[in-house]
Structures are given as structure tokens and as C-alpha cells.
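Just the heavy atoms: all of them, side chains too, but no hydrogens, waters or symmetry mates, feed the values below. This one's a predicted model, so the numbers in the text were calculated from it and none came from an experiment.
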Amino acid sequence: MTDEVVLRLRGAGMSFGERTLWSGLDLDVRAGEFVAVLGPNGAGKTTLLKAVLGQQDLTAGTIEFLGQPVHRGHRKIGYIPQQRLMEQGTPLRTRDMISLGVLGHRFGLRRESRDERARIDALVDEVGATAFATAPVASLSGGEQQRARVGQALAAQPALLLCDEPLISLDLRHQRGVTELIDSQRRAMGAAVVFVTHDVNPILDVVDRVVYIAGGRFTIGTPDEVLQSSVLSDLYGTPVDVIRTMGRIVIVGSTEGSSAPGDHDHAHHAEADLDPEGPVR
């Protein structure tokens, strides 16, 4: 991690009608830093990523990427979406999917140049996809598909990598594999990572800081600073216990009140009930 600020938010706020997801958010994300964004369904985690991508305008404050206002489609921002299985019959091969990150709209319109071909082959190898490079993406497991998406996101050697719950629906082995892949690439490239997740446990060993959003409020700090009973009780406005057991973090909270996290480990399985106003994440 260096002192270079890749992403800067000042007084950032996001509201929909009378509902405020978060406001007054000041955040500097530095090159090589791994920041996890946590919170219940409806807290505005994915909306934060959309704002950084230039897909959703802030209602207050500013966002800068490498010292400039953010805009849609910036090549130096990589994006890994939630894991969604491809429909059977989709002809796109693994290598084709990764090459989209290199060729963009030019894919399929001409032959790859020698440099482009070398770059695509290197990405296929880096994400561990060589064994299934020519296989249709729809035939791959969820973890293999996510490896292809990581390769696509890394194609432009991004300064910032945005990850929107990329481990969802993956088994523990594939969660570990994808996490290690993202972590190794951010260390090799010096890229900053902003990683939205319901479950901090698979990434706990690689996270530098946590942004925890709940009930229109937020707190920022290291995992040890934020994932404490006193801190989350204050954030949720209700008693919350944070238990560390067998190397995992378990959060146990009162089910009374609209913003309590419920009784669950940090996967936030119970928080679907906390989103009374729709699927804003």
C-alpha cells in the first residue's frame, strides 16, 4: 500500500426520496489497499459502487478517481459483478470472455494483434483458466466463471478494482480461490480494491479497512476496530454481540427494531428482512 489516493469521497451522500442510504461519507482509498464494504440488504453497498462507476449520481458531495471526477466507463476501473451462472447454450468461451476486457467493442470484428493475443493468454494463465480456456462459459462451475470475470476485470490493469459480492453462491473452496486471486493481483498491480460483501470471513485475512453501513449511518476502521459489539450496537441502535469463534466472526443481535442485524454469522443471512423499501443494496 502506498500514499497515493486512488479513490476519494468527500461529503458523499445518496438518498432516494426521503430515504437516506448514507451521507457525509469521507473516504480515501489508497493504492494497494483492500477495503471491505459491509452492511445489511438495503444499506446502499452496491449503490456506492454504482456511484464510483459513474452509473448513479450522488445526491451530495463528490467522488474523485485519480484526482478527477468519476465518469462512466473509465478503463482504469475494473469491475467484478455478483456471480451469476450463464445460461446453457451461450456460445461464449472462457478465453472470449477474458478477451472482451482487452478488445472491448472490437471483439469478433478482426483478428487479435500479437500483443493483444499475448496479453489475453497471460490473463488466462494468471487467473488459472488455462485448463478450461476453450470451454463454453456456460459449462463452467460458479468458481470457474468468476475466475473468467476476474480476468476480464484485470485486462486494463486497473488502478481500482470494484467487487460486488463476487463470492456469493460459491462454495468455500471457490470462495478461497477467488479471494486469493483478487488479493494476489492487487498486490502485483498495486491496485486498490473495494469489495462489497455480506460475509467478511472469507476475506478477513486480506482486508485493511472496513466501511460498515447500516440504517443511514456508517463507520470506518480496521476490522478489529469496527467489528466490535460496542461499535455495531451504536451503529444499529440496538444491542449487538460480536463473537469470534473457530476463526470466524459471528454477529448476534436483537431482532427487535427495524435495523437490527438478527442472529447470524457475518454472512448477514437474516438481513433480507431489514429491507422494507426494495432491493437497493
Side-chain angles (χ1 to χ4, degrees), residues 32-37 45-46 49 52-53 75-108 112 115-207 267:
E33 187 175 18
F34 196 119
V35 176
V37 182
K45 304 186 299 297
T46 293
L49 296 192
V52 176
L53 288 167
R75 286 282 291 169
K76 287 297 181 179
I77 299 179
Y79 175 63
I80 304 173
Q82 293 184 16
Q83 190 270 334
R84 294 185 177 89
L85 294 178
M86 292 276 189
E87 292 185 7
Q88 290 298 322
T90 303
L92 193 69
R93 302 177 305 162
T94 304
R95 190 182 186 283
D96 297 336
M97 184 173 182
I98 293 174
S99 72
L100 286 170
V102 176
L103 305 177
H105 67 279
R106 296 171 295 169
F107 169 75
E112 301 159 359
D115 288 344
E116 289 168 343
R117 185 164 57 252
R119 175 64 179 149
I120 294 166
D121 289 341
L123 283 167
V124 170
D125 181 64
E126 286 171 15
V127 300
T130 302
F132 48 89
T134 59
V137 177
S139 70
L140 305 181
S141 70
E144 290 168 342
Q145 288 191 18
Q146 283 301 78
R147 285 183 173 274
R149 290 187 177 97
V150 172
Q152 187 182 61
L154 295 175
Q157 298 180 311
L160 175 63
L161 191 59
L162 303 179
C163 308
D164 188 8
E165 302 213 48
L167 308 182
I168 198 168
S169 301
L170 299 184
D171 61 28
L172 291 177
R173 180 173 65 88
H174 283 121
Q175 285 182 357
R176 187 179 304 111
V178 172
T179 297
E180 291 174 351
L181 175 59
I182 292 171
D183 183 51
S184 66
Q185 291 298 316
R186 66 109 177 188
R187 293 179 185 277
M189 298 186 303
V193 175
V194 177
F195 194 108
V196 166
T197 182
H198 272 72
D199 184 2
V200 74
N201 286 296
I203 62 172
L204 196 56
D205 291 340
V206 301
V207 170

Any chance you could measure Thr94, atom OG1, to Gln152, atom CD, to the nearest 0.5 Å?
11.5 Å
May I ask you to decide if Glu144's main-chain N or O and Ser141's side chain share a donor-acceptor pair within less than 3.5 Å?
yes
Could you tell me the separation between the CZ atom of Phe195 and the CD1 atom of Ile203, rounded to the nearest 0.5 Å?
5.0 Å
Any donor-acceptor pair under 3.5 Å from Ser99 side chain to Asp96 backbone
yes
Residues Asp183 and Arg187 bridged, charged N to O under 4.0 Å
yes
Heavy atoms of Gln175 and Pro202 approach each other most closely as OE1-CG, 3.3 Å
Closest non-hydrogen atom pair, Gln157 against Lys76
O-NZ, 3.4 Å
Approximate separation, where rounding is to 0.5 Å, of Leu170 CG and Glu165 CD
11.5 Å
Any side-chain heavy atom of Pro158 within less than 4.5 Å of one from Met189?
yes
Nearest 0.5 Å, what's the CZ-SG distance between Arg186 and Cys163?
11.0 Å
Residue pair Arg147 / Leu181: nearest heavy atoms and the distance that separates them:
NH1-CD2, 3.8 Å
When every non-hydrogen atom of Ile80 is compared with those of Pro166, the smallest separation belongs to CG2-CB, 3.9 Å
Between Val178 and Gly143, which heavy-atom pair has the shortest distance, and what is it?
CG2-O, 4.3 Å
Kindly determine whether Ile182 and Val206 satisfy side chain to side chain contact (heavy atoms under 4.5 Å, CB included), including the steps that lead there.
CA-CA 10 Å; Ile182 292 171; Val206 301; over 6 Å; no
Might you work through the side chain to side chain contact (heavy atoms under 4.5 Å, CB included) test for Val52 and Val194, ending with a clear yes or no?
CA-CA 10 Å; Val52 176; Val194 177; over 6 Å; no
Please answer whether the main-chain N or O of Gly151 pairs with a side-chain N or O of Glu126 as donor and acceptor at a distance below 3.5 Å.
no
How long is the gap from CG on Leu100 to CZ on Arg95, to the nearest 0.5 Å?
11.5 Å
Can you tell me how far CG of Asp125 sits from CD1 of Ile120, rounded to the nearest 0.5 angstrom?
14.0 Å
Donor-acceptor side-chain pairing of Arg149 and Gln146 below 3.5 angstrom
yes
Would you name the heavy atoms of Ala153 and Leu161 that are closest together and state the gap between them?
CB-CD1, 3.9 Å
